[in-house]
**Q** 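The structure's right below; bear with me while I get my questions together.
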Amino acid sequence: MQPMHIVQLANFYGPRSGGLRTAVDQLGAGYVDRGHAVTLVVAGRARRDEVLDSGVRRITVPGRKFFKVEGYRAASPVLIRRLLPTLGADSLEVSDRLTLRGMGPWAKAHGIGSIMISHERLDRMIELGAPAGVATWAADVANLGTARSYDTVVCTTAFAGEEFARVQAPNVETVPLGVDLATFRPDRATPRARQRWSDGADVLLVQSCRLSMEKHPARGIEVVRALVADGVRARLVIAGDGAMADELQRQAQGLPVEFTGHLADRDDLADLLATADVAICPGPHETFGLSAMEALASGTPIVVSRNSALADVTRDGCGLPAADTGAAFAAAVRSVLGGDHGAAARACAEQYTWDRAVDAMLVLHRATAQRRMFLRAGRSAQPVARLRVEEQRLLRRRDQAGLLAGS
């Protein structure tokens, strides 16, 4: 197979970016391992050009700060479009559907293959600040535009792909991400690690997530409050940082809750996950749930929102789904504590490897490059033309129903 040059674009990629950074880095390293050249373009404080240990060339361009978490920055699409022609890409991989949404049309105009990886459910994100009907309509219009703009849209689970299926986008592929099975493993649950993290508690709970509204990070505090009220000597360790950190610490006053902030040391995080009795994964909008997968790889069962992609994962006996209330999560945690789920947890995680994800993505990158060759030869893209018709239908529906009235 002829080597390709794959250019990855990722805003909001930083030291504390969590799952998105892990996915981008693991995919890029996998492409390099298979003989391809990879350039990663991210936003930061100042321009920098370096080669990572993985062999990926990482170019940092100046970007403005987003949110309250240090390291969340977004570069101007204009700045990135000026850079791209100098890189000589065969295929573009974009991990940001909002601030970099114009990169697909740019790639098409320059005869380059393009893939957008959807790391979140747009309809769920819009619902956080808009009525459900408006959110669905707005997401449908945006998703049609995304599908029309890129050669391929990649979703990490069937749950993530539901919003694209709703608008019958024809160019959507499902590629599950992987988990680092070498770093996250059950044998890290040593007595020393247990002593460090449990502080003598009988039950150790862990919640590893960004501390922002869409993740519902207060759920773990509600669980430990309920367990302590029942006389359980429980302790919760919350690993993560975000805009809600101060508020959560106020809610946790008087409870056995430890806030570690962002754990940059992956070994520390792996020790914590392995020694915990249950990992609480409360986000109802998770499209893959990398932190949950890391807990499973560590042999730790999970309790998850029944409204997220992780609900399907728990069907393999590695944990339980729960309604999005503190009482429901506490009940599910009590049930999981009463069983033996360690082997099932690890077995579940072993289904998700980065090798499989990389190989699947490379098939798509090769296909997009070939598709660009056909289009340069003057052939039409009928699926994309159909998307334009569907987009016009949605716009007419908006005008008829008045969905935006009063919003």
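We're numbering straight along the sequence, starting at 1.
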**Q** Any sub-3.5 Å donor-acceptor pair from E173's side-chain atoms to V154's backbone N or O?
**A** no
**Q** Are the side chain of H36 and the backbone N or O of Y31 linked by a donor-acceptor pair below 3.5 Å?
**A**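 Pair absent, no side-chain N/O of H36 close to backbone of Y31.
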**Q** Going by the ring-ring contact (aromatic ring centres under 6.0 Å, His included) test, which pairs reach into residues 330-362, not counting sequence neighbours?
**A**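 ring-ring contact (aromatic ring centres under 6.0 Å, His included) check on residues 330-362 returns F288-Y352.
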**Q** Are F184 and L269 packed together at the side-chain level, in the sense that at least one heavy-atom pair is separated by less than 4.5 angstrom?
**A**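 A side-chain contact under 4.5 Å exists here.
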**Q** So does F159 get a backbone contact from the side chain of R121, meaning a donor-acceptor N/O pair under 3.5 Å?
**A**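 Between the backbone of F159 and the side chain of R121 there is a qualifying donor-acceptor contact (under 3.5 Å).
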**Q** Taking the six-membered ring of F12, is NZ or CZ of R73 closer than 6.0 Å to its centre and within 45° of its axis?
**A**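 No; the conditions do not both hold, so R73 does not lie above the ring face of F12.
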**Q** State whether a side-chain donor-acceptor pair under 3.5 Å links R47 with T60.
**A**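 Checked: R47/T60 side chains show no N/O donor-acceptor pair below 3.5 Å.
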**Q** Does any donor atom in the side chain of Y13 or D96 lie under 3.5 Å from an acceptor atom in the other side chain?
**A**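 No, D96 and Y13 have no side-chain donor paired with an acceptor closer than 3.5 Å.
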**Q** Can you check whether D151 reaches I115 side chain to side chain, under 4.5 Å on heavy atoms?
**A** no
**Q** Could you check whether any side-chain N or O of D230 sits under 3.5 Å from a backbone N or O of V232, counting only pairs where one atom can act as donor and the other as acceptor?
**A**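 Not at all, since once roles are kept as given, no pair shorter than 3.5 Å links the two residues.
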**Q** Would you say the side-chain atoms of R81 pair up with the backbone N or O of S76, donor to acceptor, closer than 3.5 Å?
**A**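 Answer holds: no.
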**Q** Do any N or O atoms from the side chain of T300 and from the backbone of L296 form a donor-acceptor pair under 3.5 angstrom?
**A** no
**Q** Is it true that S212 and R210 share a donor-acceptor pair across their side chains at a distance under 3.5 Å?
**A** yes
**Q** Looking at side-chain heavy atoms only, is the closest gap between I238 and L211 below 4.5 Å?
**A** yes
**Q** Indicate whether any N or O donor in one side chain lies under 3.5 Å from an N or O acceptor in the other, for S305 and D324.
**A** yes
